[in-house]
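Written below as structure tokens is the structure these notes are about.
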Protein chains: 2
Amino acid sequence: MAATLHDVADLAGVSFKTVSNVINGYPHIRPATREKVERAIAELGYQPNLTARSLRSGRTGAIALAVPELNLSYFAELAGFVIAAAERSDLVTLVEQTGGDRDRELALLQSPRLRMTDGLILSPLGMRQEDVDALEVPFPLVLLGEPVFDWPNDHVSMRNVEATRAGTEYLIASGRRRIAVIGEHEEEVFGSARSRLRGYREALEANGIEYDERIVAGATLWHRADGARAMHELLEGGAPFDAVFGFNDTLALGAMRVLQEAGLRVPGDVAVLGIDDLDEAAYSIPSLTTIDPGREWIARTAVETLLERIARRGKDLPPRTKLADFRIIERESAPPG
Amino acid sequence: MAATLHDVADLAGVSFKTVSNVINGYPHIRPATREKVERAIAELGYQPNLTARSLRSGRTGAIALAVPELNLSYFAELAGFVIAAAERSDLVTLVEQTGGDRDRELALLQSPRLRMTDGLILSPLGMRQEDVDALEVPFPLVLLGEPVFDWPNDHVSMRNVEATRAGTEYLIASGRRRIAVIGEHEEEVFGSARSRLRGYREALEANGIEYDERIVAGATLWHRADGARAMHELLEGGAPFDAVFGFNDTLALGAMRVLQEAGLRVPGDVAVLGIDDLDEAAYSIPSLTTIDPGREWIARTAVETLLERIARRGKDLPPRTKLADFRIIERESAPPG
DNA sequence: CCAAGATCCTACAACGATGCAAACGGACAT
DNA sequence: ATGTCCGTTTGCATCGTTGTAGGATCTTGG
């Protein structure tokens, strides 16, 4: 078995409390004693038992991150940033997958599994308006994704409305008028689809273009396959379009593939725009014009925000909303006008 | 503060140990008592403190997974499968990123951070032969990636040599003779590059094709950008080739992009083959022919293997090596002959 | 009606760490 | 020589749980 404070203490010939003091940097220790203890620690390869320390201190040094799936590149990259940011604060990250499923999201908020962590960063997707109460949990919680109603939590997101509005206007400025959308999600409350659609509609309206629901395609999870399926529907629907705005890059990439299979040229016949700026988007054929949502900023800020909450546990800190800046990345699939 | 066993016990009017017994399904409890306790639990919303339970039981219910980066799609998808498999066994998964860096891999093996988990699944990339001793750790450890030398650990991997041999022969059968490679990694011990190169060479030899190192390009981390850079080198090198075997899909996709930028047709001028069968590979233009390495099987098996080790902690179980079956997925970038 | 054996419940000691307060010993002033 | 003070070390309680052992209560058979 691993060595404990007592083992070290026995070897060093001091009380186990002294060993604890050495480890925790207590100042009043005679150099000779400190050295004895350190030698014993080294000899036994002692490492503190973090579980015991957690029990005593009430802090675990771990946070949880819950995303729909790591199989969705956006969330994989986001998770990578969150883990890196957490590590910089000496926290480890426990990753959960909800599948974007309402029941699993709700179950997670109740789950004792989280008791092993100091707080949760949740990217909800399936939850509905009536579930808002479930967000009143006894641990620090930061939400990712669009803020919609009043709730008692911190919140970090991209500027969905502004970004899709800007994206749509970018397409309009480049001469497109019939801009299809993929990724609409009627019932959603917490995800970004609804706000993204709003930004899109605002841009149309501001430019005197009529909203045509025949070229608005839904997609619940945002896999490439969903983008492909949606594009098939759009093509079969027969309503004309000269651009496609995928509400994320994987949808856009799935759609772009289908467009080209159908013999349409991108961007010649149809321009394609995504959101996320995945690594992958720079290497597709053609490379994908997209909107950088500030992923890394979001990840870093979410961890910081959670840490502030953890530090002030008890004291009430009003819920905060923090929004990242976005940036349009011009590439081949939708060149500027 | 959260309720404890004592709080529940007070409310129910029993000893706290009885509450513990109810929770742990101890059989001899009068129905009336059980009900009283359960009502108290519900009323207080009691949830067991997992940290205390861990301290007492010595098990944490968490495992750690360490991969180079979640930004690499292969590892993101693998992590998703590992988390899902762990969850089926009621384990949570703590994800660490090593960046494929030797020092960070070694540090991780020593780190007390892992003391919060029951075991580790590690996908080493930077470690060298002389670091093998570092793998003798006091906790259950399962390694992913090519087994190279004798070491005292369990090991789950794909069949690298056979797969690249089969892949190379597939290209040869389709009429290609000058098959370039991207992803070679000279110094590597634990990663897969070396074995993959071996399979490639075996296939060449078996078919009387000479090995030409001018068309073998290195790449340490396997991002799309690395594949792109390697392809630029190959093109500038001037040695002719009519196929490219990327040692993973992201390398292949990065390379494919550069090929087409250079005006070469895929697969007309150059066939492209990858390994991993990423989701993305089905949606590139052209879609990528690739080798399915059995990712999900690997993830599931790694978790199972780790669990066996955890269960028999102490008892010596000889180290095992488990290899997944692979499958060539025929798509457009390299059609069958 | 009592002893024996189930059945149900409780007391106490861990697990390995930290916080608090008190004990120790030497230096110094009185 | 005694008391005070400070730097240094220690003992004890504690975090919330589970394991072990044994006490209390209830059945049951003779």
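Below, all heavy atoms of this structure are taken into account, side chains as well, without hydrogens, waters or symmetry copies. Since the model is a prediction, treat every value here as computed from it, not as a measurement. First the proteins, then the strands, lettered A, B, ... as listed; each starts at 1.
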Between V14(B) and S57(B), which has a closest nucleotide on DNA chain C that is more 5'?
-> V14(B)
Please check if the side chain of S157(A) supplies one atom and the backbone of L144(A) the other of a donor-acceptor pair under 3.5 Å.
-> no
Side chain of Q47(B), backbone of A2(B): donor and acceptor closer than 3.5 Å?
-> no
Whole-Å distance between [N] [atom2] and [X] [atom1]?
{"X": "R59(B)", "N": "dT17(D)", "atom1": "CZ", "atom2": "C1'", "result": "16 Å"}
{"X": "K36(A)", "N": "dT8(D)", "atom1": "NZ", "atom2": "C1'", "result": "12 Å"}
{"X": "R34(B)", "N": "dT7(C)", "atom1": "CZ", "atom2": "P", "result": "14 Å"}
{"X": "L44(A)", "N": "dG16(C)", "atom1": "CG", "atom2": "C1'", "result": "15 Å"}
{"X": "I29(B)", "N": "dT7(C)", "atom1": "CD1", "atom2": "P", "result": "14 Å"}
{"X": "L5(B)", "N": "dG16(D)", "atom1": "CG", "atom2": "C1'", "result": "7 Å"}
{"X": "N49(A)", "N": "dC15(D)", "atom1": "CG", "atom2": "P", "result": "18 Å"}

Detail all sub-3.5 Å separations between protein N/O atoms and N/O atoms belonging to nucleotides 19-26 of chain C.
unit_1, atom_1, unit_2, atom_2, d
dG19(C), N7, K17(A), NZ, 2.6

When you measure from the side chain of T33(B), which nucleotide among dC8(C), dG16(C), dT10(D) comes out closest?
-> dC8(C)
Consider the side chain of S15(B), meaning its heavy atoms from C-beta on, and name the nucleotide among dG16(D), dC8(C), dT10(C) that approaches it most closely.
-> dT10(C)
Run the salt-bridge test on E35(B) and R39(B) with the 4.0 Å N-O cut-off and return the result as yes or no.
-> yes
Looking at every strand, decide which applies to [X] at a 4.0 Å heavy-atom threshold: base, sugar-phosphate, or nothing.
{"X": "L55(A)", "answer": "base"}
{"X": "P48(A)", "answer": "sugar-phosphate"}
{"X": "H6(A)", "answer": "nothing"}

Does a nitrogen or oxygen in the side chain of R30(B) sit under 4.0 Å from OP1 or OP2 of dC8(C)?
-> no
Residue from V82(B), L94(B), V92(B), V95(B) passing side chain to side chain contact (heavy atoms under 4.5 Å, CB included) with V95(A) | V95(B)
How long is the gap from [atom1] on [X] to [atom2] on [Y], to the nearest 0.5 Å?
{"X": "T117(A)", "Y": "F139(A)", "atom1": "OG1", "atom2": "CZ", "value": "7.0 Å"}
{"X": "T301(B)", "Y": "H155(B)", "atom1": "OG1", "atom2": "NE2", "value": "13.0 Å"}
{"X": "R59(A)", "Y": "S57(A)", "atom1": "CZ", "atom2": "OG", "value": "7.5 Å"}

Residue met sooner reading DNA chain D from 5', once T18(A) and T51(B) are mapped to nucleotides | T18(A)
